[in-house]
Novice: 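Encoded as structure tokens, here's the structure I'll be asking about.
Lettering of chains follows the sequences in order, A, B, ..., and the numbering in each one begins at 1. Note that the coordinates shown come from a computational prediction; the quantities given were computed from them, not determined experimentally.
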Amino acid sequence: MFRTRFAPSPTGYMHIGNLRTALYAYLIAKKAKGVFILRIEDTDQKRNVSDALDAIYNGLALAGITYDEGPDKDGGHGPYVQSQRKAIYGQYAHQLIDQGDAYYCFCQKEDRPEPGDERDEERRDPCRNLSPAEVQDYFDQGIQPVVRQRIPLEGTSSFFDHVYGDISIENKQLDDQVLLKSDGFPTYNFANVVDDHLMAISHVIRGQEYLSSTPKYNLLYEAFGWQYPEYIHLPHIIKEDGKKLSKRAGDPTFEDLVNMGFLPAAIVNYVALLGWNPGDEREIFSMEELIEAFDMDRISKSSAAFSMDKLRWINGEHIRALSPDAFHEVALPWYGDALRGFDLQQISQLIQIRTDCLGDIPEMLAFLAELPEYDIALFENQKSKSSLESSKAILEAVIPVLEKQEDFSNAALFETLKLYAKESGNKVGTTMWPIRTALSGAPASPGGATELASLLGKEETLRRLRLGLEKLLA
RNA sequence: GCCCCUAUGGUCUAGCGGUUAGGACGCAGCCCUUUCAAGGCUAAAACCCGGGUUCGAGUCCCGGUAGGGGCACCA
């Protein structure tokens with residue numbers, strides 16, 4: 001039985017790297033018809049943010065990643081919040097001390113050498129060899145110790161990782177890491193091992209930054225006589241300039257992207273592709289398709305750069321794949337008050353294919369509510385064989401035609417204007433250009449002349465056309 | 001300082017000893033067209049460097065270089 005877990009610490013938001021870790025852990029479990037677990041790693045008392053739990057729940061729900069066991073979903077392996085498991089860690093730490101695989105350390109933080117000091121020779125802690133009497137003595141002085149892991153002086157620790165292959169590190173490179181802090185809480189280094197074992201996690205999926213600590217965790221598994229899990233360490237996600245993603249530098253979190261107008265499903269789709277590919281040339285995936293296609297042995301080793309351009313494209317593909325009704329629903333919140341009175345359904349129909357990101361909508365439609373200032377140079381367009389003169393003539397001729405037009409539906413308008421073009425000997429494009437331009441005041445618009453006219457209605461259409469003509473006559 | 005990892009176009013990637021080095025985003029051009037999109041077609045663009053191994057290396061080995069990560073009473 002595959003059992004994977006996502007184990008975030010409650011920092012208040014879900015960044016892209018976390019989202020991908022959660023997603024891969026979910027996909028690996030679901031692919032194997034296994035169980036996906038949410039565990040909260042809140043052992044750092046200084047770092048807990050209120051409401052942070054909600055951010056995790058909301059983020060996962062938004063992403064469509066559902067867990068089978070978690071803080072609010074007992075699966076018999078709880079509690080799923082590490083701060084509620086304090087007694088468990090204490091008990092296991094004492095077992096290690098009794099076995100000689102861990103020891104009390106009474107050093108103060110300041111006593112520890114800095115990296116870069118001559119720590120290669122003697123990186124072992126002075127408390128490593130304290131006699132029972134000395135330990136007792138310290139206790140009698142009321143000093144609160146930490147518990148450190150006793151790493152073997154000799155030998156090499158090796159393990160297999162599904163992404164990075166065989167990794168091997170000499171034990172002498174490993175630190176006697178702290179297992180239990182002086183406040184009695186475990187460190188991540190200890191809690192993750194105890195919890196992963198107790199929760200029967202079969203596959204550990206986490207960031208690459210844990211790769212070189214994994215031998216220490218395996219030593220712990222061995223000390224307990226536990227079997228260790230399979231490992232899947234994930235390369236980092238970086239920016240296109242090679243720097244790392246950071247909220248501080250203004251890089252968007254998952255929630256930010258959603259607020260910017262990206263579909264959660266598209267973000268999930270894109271993030272899945274950051275470091276993994278299906279082995280064929282598909283790029284657009286639903287969650288179900290991802291589950292079907294995912295293969296942990298096809299995860300790449302090198303870090304991947306997050307590309308807004310590619311996200312936009314994938315988002316556009318997801319938007320275009322929506323049914324018209326579904327698109328209308330997601331687009332609606334972006335229309336705002338300025339578009340009151342317009343046929344929003346018709347607008348949705350017009351812009352769906354042209355929308356890469358919902359956040360583009362307000363700007364794309366701004367001209368509807370208010371005609372922008374524009375230069376008459378816009379009436380000149382080579383491709384439409386449109387000049388200032390032709391535009392003036394066409395506008396002059398077309399205004400009376402449209403004044404008589406009763407049916408302002410797109411189809412009817414198009415018939416009328418096409419007929420006019422034919423009779424006047426103008427090309428359709430040449431006829432439409434000045435109309436489209438006068439109606440939008442922009443070099444490009446989400447719809448052609450008749451589509452805009454139909455949207456704007458007869459009165460406003462005529463008003464804008466006359467305005468355009470005035471500009472040309474001036 | 002010590003240790004671990006990585007390295008194919010600008011970006012994401014396929015490749016797993018013999019390929020015209022494939023695809024996608026982006027970029028440029030063309031077609032389509034009621035402007036723009038969308039769609040179709042075309043183009044430019046890559047195996048970090050140096051040694052080996054081999055008949056033959058992007059692919060295997062070693063060494064550089066560059067980048068990332070770790071060496072916390074943070075996770």
Novice: Return no unless some side-chain N or O of A:K244 is found under 4.0 Å from OP1 or OP2 of B:rG69.
Specialist: yes
Novice: Counting side-chain heavy atoms from CB outward, which of B:rA37, B:rG69, B:rC3 is closest to A:Q173?
Specialist: B:rC3
Novice: Any idea which of B:rC73, B:rC5, B:rU34 is nearest the A:T450 side chain?
Specialist: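 Nearest nucleotide to the side chain: B:rU34.
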Novice: Give a yes/no verdict on a cation-pi contact between A:K471 and A:Y374, requiring under 6.0 Å between NZ or CZ and the six-membered ring centre and an angle within 45° of the axis.
Specialist: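 Satisfied, under 6.0 Å and within 45°.
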Novice: Looking at B:rA24, which nucleotide sits across from it as a Watson-Crick or G-U wobble partner, both distances under 3.5 angstrom, or is there none?
Specialist: B:rU11
Novice: State, to 0.1 Å, how close A:I351 and A:L365 come at their nearest heavy-atom pair, and which atoms those are.
Specialist: CG2-CD2, 3.8 Å
Novice: Under the criteria of a ring-centre distance below 5.5 Å and an interplanar angle below 30°, is A:F414 stacked with the base of B:rU34?
Specialist: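 By the stated criterion, A:F414 and B:rU34 stack.
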Novice: Considering only side-chain heavy atoms of A:Y210, which listed nucleotide, B:rA75, B:rC5, B:rC36, is closest?
Specialist: B:rA75
Novice: Using 30° and 60° as the class boundaries, would you call the ring planes of A:F306 and A:Y270 parallel, tilted or perpendicular?
Specialist: perpendicular
Novice: Would you say A:N277 places a side-chain N or O within less than 4.0 Å of OP1 or OP2 belonging to B:rU13?
Specialist: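 Checking B:rU13 against A:N277, no side-chain N or O comes under 4.0 Å of OP1 or OP2.
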Novice: Base, sugar-phosphate, or nothing for A:A304, non-hydrogen atoms under 4.0 angstrom?
Specialist: sugar-phosphate
Novice: Looking for any heavy atom pair under 4.0 Å, which part of the strands does A:S300 touch: base, sugar-phosphate only, or nothing?
Specialist: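 Contact class for A:S300: sugar-phosphate only.
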Novice: Checking contacts here: which listed nucleotide (B:rG70, B:rG69, B:rU35) is nearest the side-chain heavy atoms of A:Q208?
Specialist: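 Nucleotide nearest to A:Q208's side chain: B:rG69.
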Novice: Quantified in whole Å, what is the C1' atom distance between nucleotide B:rC32 and nucleotide B:rA38?
Specialist: 11 Å
Novice: Across all strands, who's sitting opposite B:rC48 as a Watson-Crick or G-U wobble pair, both distances under 3.5 Å?
Specialist: B:rG64
Novice: Does the side chain of A:R148 get closer than 4.0 angstrom to OP1 or OP2 of B:rC73 through an N or O atom?
Specialist: yes
Novice: Considering every strand and a 4.0 Å limit on heavy-atom distances, what is the contact class for A:Q352: base, sugar-phosphate, or nothing?
Specialist: nothing
Novice: Nearest to the side chain of A:D309, heavy atoms from C-beta on, is which of B:rC12, B:rG26, B:rU35?
Specialist: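 Closest nucleotide among those given: B:rG26.
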Novice: Within the structure, does a side-chain N or O atom of A:K181 lie under 4.0 Å from either OP1 or OP2 of B:rA72?
Specialist: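 Checking B:rA72 against A:K181, no side-chain N or O comes under 4.0 Å of OP1 or OP2.
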Novice: Would you tell me if any nitrogen or oxygen in the side chain of A:R298 comes within less than 4.0 Å of OP1 or OP2 on B:rG15?
Specialist: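 True: A:R298 side-chain N/O within range (under 4.0 Å) of B:rG15 OP1/OP2.
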Novice: Please compare A:N189 and A:G429 by the position of their nearest nucleotide in RNA chain B and report the one closer to 5'.
Specialist: A:G429
Novice: Distance check: side-chain N/O of A:K383 vs OP1/OP2 of B:rC36, anything under 4.0 Å?
Specialist: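 For A:K383, the contact criterion (side-chain N or O under 4.0 Å from OP1 or OP2 of B:rC36) is met.
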Novice: Which part of the nucleic acid does A:L273 contact within heavy-atom distance under 4.0 Å: base, sugar-phosphate only, or nothing?
Specialist: sugar-phosphate
Novice: According to the Watson-Crick and G-U wobble definitions, with both distances under 3.5 Å, which nucleotide is paired to B:rC41?
Specialist: B:rG29
Novice: At under 4.0 Å, does any side-chain N or O of A:T43 touch on OP1 or OP2 of B:rA75?
Specialist: yes
Novice: Are any of the side-chain nitrogens in A:R282 or A:D280 under 4.0 Å away from the carboxylate oxygens of its partner?
Specialist: yes
Novice: Taking pairing as Watson-Crick or G-U wobble with both contacts under 3.5 Å, can you name the mate of B:rG1, or confirm there isn't one?
Specialist: B:rC71
Novice: Looking at A:Y13, I'd like to know if the NZ or CZ of A:K247 sits under 6.0 Å from its six-membered ring centre while staying within 45 degrees of the ring's axis.
Specialist: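 Ring-cation test returns yes.
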Novice: Heavy atoms only, 4.0 Å cut-off, all strands: where does A:N410 land among base, sugar-phosphate and nothing?
Specialist: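 Base contact - A:N410 has a heavy atom under 4.0 Å of at least one base atom.
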Novice: Does any nucleotide pair with B:rC16 by Watson-Crick or G-U wobble geometry, both distances under 3.5 Å, and what is it?
Specialist: none
